[in-house]
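Only one structure is covered here, and it is reproduced in the block below.
Below, each value reflects all heavy atoms present in this structure, side chains not excepted, and no hydrogens, waters or symmetry copies. So you know, we letter chains A, B, ... as the sequences are listed, proteins then strands, and number each from 1.
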Protein chains: 2
Amino acid sequence: MIKGTEQKIKDAALTVFIQKGFANCTSREIAREAGMNVALVNYYFRSKSKLFAIIFESVMQDFLKSMVQVFCSELPFREKIRLLIEREFEFLVQHPDIPNFVLNELARNPKAIEGILPVLHMVNESGVFDEAKKLQASGEMRSMDIVQVTLLIMSNCQYPFMAGPLMKVIHGVDETTYTAHLNAHKTHAVSMVLGYLFPNDQIPNNA
Amino acid sequence: MIKGTEQKIKDAALTVFIQKGFANCTSREIAREAGMNVALVNYYFRSKSKLFAIIFESVMQDFLKSMVQVFCSELPFREKIRLLIEREFEFLVQHPDIPNFVLNELARNPKAIEGILPVLHMVNESGVFDEAKKLQASGEMRSMDIVQVTLLIMSNCQYPFMAGPLMKVIHGVDETTYTAHLNAHKTHAVSMVLGYLFPNDQIPNNA
DNA sequence: AGTTGAATTAAACAATTGTTTAACTTTTTA
DNA sequence: TAAAAAGTTAAACAATTGTTTAATTCAACT
């Protein structure tokens, strides 16, 4: 498969932006990564900012895509949670730098978030929030705001990847070992979150 | 209390660096924030990098200080966990941008971490890890690697603050409402983590 | 008062930045 | 095949950057 120039630039920009952030990289760096002249980058995308906006939005799509897919599925609620966490881990193993990238750019430039509003709309439309509220009304699920349910899940998925560099130093482990820990953490995240959300469920106790 | 010039620069640098990151701010911006000329910043700290190194290390100290204090205390283990989470939340309410700042700079410049090695040594010396292993050997505590215990705690404390901008948009809530959610989340974090680490403890079920 | 040294500033410096221009090459097309 | 368009490049541009210089103000000391 031959990649056109435009796609080469996008790929290079994705790599460089995610690795260094918008402010911490230069147009020439992107051009070099793509194997071409600086002017070509602007020829195709007019400016560094415009290129960034495009890359950022596409990253956000990937970032939220699997979440939306699971939410819109027909699985029972507990399975949605489980699958959501597992998919999130699968995604993050491949793209461990994305949460850091997204949250950081969002904190420094709040209006960058506008591009994801359509995707968020899909989440709301999926009815998954209503589903949770019904389970809470029936007493099956622990009653807590949906915001905090979201926080529980995303915290335990994304933070372990974001904190990789810090954790490796704190515990003195290398990349490979830490990856193994991440894998084990996925299992814990699933059973801890499900166990907390559904305190009456019989959970297998491996202790 | 009158602040000397050097301290004024440090304060300004702290504000600006945390808000925008190292690469995303200028020396002149720091000088302006401190109400003085650019040259004065370099007169006191020789370069932007050296100033940053000083600020970063002091932030890391604050970031880890309360953790070390709790670890080195004489409290029973469960109380250490509870207090650790509560102190962490107290700290993060006041400095919500610090986790993002620290993890981001760490990801982009791994050698920046060297300054915290002494503090980490204190954590190891505190014997809190051995304490956990004993509780695990007795079957009282769920057996899992200490790395994952750390991850469970830090994920549920830090991520909710880091993801503030994203969460506010996802759920369409304002700053005040989100702060209330953070407060509620603290309670959940404590009981969820303790409940998972000590599955045989009787936990009050408010559901 | 006058001298010394630190504190502070405006101005300049060289390097790098995002962006544009103008020339050159390749591809399309009529 | 020749003209037109698109693709690509080297070079230049103006703005901004971190840093330094040289001059000025300020405070302390004799």
Side-chain angles (χ1 to χ4, degrees), chain A residues 1-59 101 104-112 115, chain B residues 1-59 101 104-112 115:
Chain A
M1 146 194 164
I2 337 168
K3 266 193 291 189
T5 303
E6 189 172 332
Q7 190 58 44
K8 271 196 230 165
I9 299 175
K10 278 188 178 178
D11 290 351
L14 182 72
T15 304
V16 176
F17 278 143
I18 285 191
Q19 194 178 59
K20 324 243 268 174
F22 175 77
N24 205 10
C25 74
T26 72
S27 303
R28 283 168 179 80
E29 214 170 338
I30 295 172
R32 201 184 318 128
E33 173 83 20
M36 62 186 62
N37 191 283
V38 208
L40 251 194
V41 174
N42 280 341
Y43 175 75
Y44 278 92
F45 296 94
R46 296 189 42 96
S47 79
K48 186 190 177 190
S49 308
K50 293 215 173 68
L51 173 57
F52 180 80
I54 289 170
I55 298 297
F56 186 76
E57 184 169 339
S58 106
V59 167
F101 169 73
N104 201 55
E105 295 298 340
L106 236 46
R108 309 219 184 299
N109 174 22
K111 72 188 165 194
Chain B
M1 143 192 165
I2 345 167
K3 268 192 292 190
T5 303
E6 190 172 330
Q7 190 59 42
K8 270 197 231 165
I9 298 175
K10 278 189 181 179
D11 291 351
L14 182 73
T15 304
V16 175
F17 278 144
I18 286 191
Q19 194 178 61
K20 323 243 269 172
F22 176 77
N24 205 10
C25 74
T26 73
S27 303
R28 284 168 178 82
E29 213 169 340
I30 295 172
R32 201 183 318 129
E33 174 82 22
M36 63 187 61
N37 191 284
V38 207
L40 251 195
V41 174
N42 281 340
Y43 176 74
Y44 277 93
F45 296 95
R46 295 186 45 93
S47 79
K48 185 190 177 189
S49 307
K50 294 215 172 68
L51 174 56
F52 180 79
I54 289 169
I55 298 297
F56 186 76
E57 184 168 338
S58 104
V59 167
F101 169 72
N104 200 54
E105 295 297 339
L106 236 46
R108 308 220 185 298
N109 173 22
K111 70 187 169 197

Per B/T5 side chain, nearest of listed nucleotides C/dT8, D/dT21, D/dG18: C/dT8
Taken to the nearest 0.5 Å, the spacing of B/I30 CD1 from B/C25 SG works out to 4.5 Å
A/I9 CD1 to D/dG7 C1': how many Å, rounded? 11 Å
Whether the side chain of B/E105 engages the backbone of B/F22 through a donor-acceptor N/O pair (distance < 3.5 Å, no angle test) should be reported. yes
Would you please test B/E6 and B/F45 for side chain to side chain contact (heavy atoms under 4.5 Å, CB included) and show each step? CA-CA 9 Å; B/E6 190 172 330; B/F45 296 95; 3.7 Å; yes
To the side chain of B/K48, which of C/dT9, D/dA12, D/dG18 is closest? D/dG18
For the side chain of B/L40, counting heavy atoms from C-beta on, which of C/dT20, D/dT20, C/dT8 is nearest? C/dT8
When rounded to whole Å, the CE to P distance for the pair A/M36 and C/dT26 reads 16 Å
Nearest-0.5 Å distance, CG of residue A/N37 to CZ of residue A/R28: 8.5 Å
Whole-Å distance separating the CG atom of A/N42 from the C1' atom of C/dA22: 16 Å
Nearest whole angstrom, please: distance from the P of C/dG18 to the CG of B/N24. 12 Å
Is A/S49 touching bases, backbone alone, or none of the nucleic acid, heavy atoms closer than 4.0 Å? nothing
Does B/S27 place a side-chain N or O at less than 4.0 Å from the phosphate oxygens OP1/OP2 of D/dG18? yes
Take the protein atom CD of B/E29 and the nucleotide atom C1' of D/dA15, then report the distance between them rounded to whole Å. 16 Å
Any donor-acceptor N/O pair under 3.5 Å between C/dT20 base and A/R46 side chain: no
Among the candidates D/dT8, D/dT20, C/dG18, find the nucleotide nearest to the side-chain atoms of A/Y44. D/dT8
How many whole angstroms separate atom CD1 of A/I30 from atom P of C/dT16? 18 Å
For the residue pair A/F17 and A/F52, is the inter-centroid distance of their aromatic rings smaller than 6.0 Å? yes
Once you round to the nearest 0.5 Å, how far does CZ of A/R108 lie from CD of B/Q19? 8.5 Å
A/R32 has an atom CZ; how far is it from atom C1' of D/dT9, in whole Å? 16 Å
Scanning both residues in full, the closest heavy-atom pair of A/I9 with A/L40 reads CD1-O, 3.9 Å
Rounded to whole Å, OH of B/Y43 lies from C1' of C/dA6 at a distance of 5 Å
Could you tell me, to 10°, how much the axis swings from one end of the helix from C/dA1-D/dT30 to C/dA30-D/dT1 to the other, five pairs per end? 20°
Specify the residue among A/T26 and A/N37 whose closest nucleotide of DNA chain C lies further upstream toward the 5′ end. A/T26
From D/dT21, C/dT21, C/dT17, pick the nucleotide closest to the side chain of A/A39? C/dT21
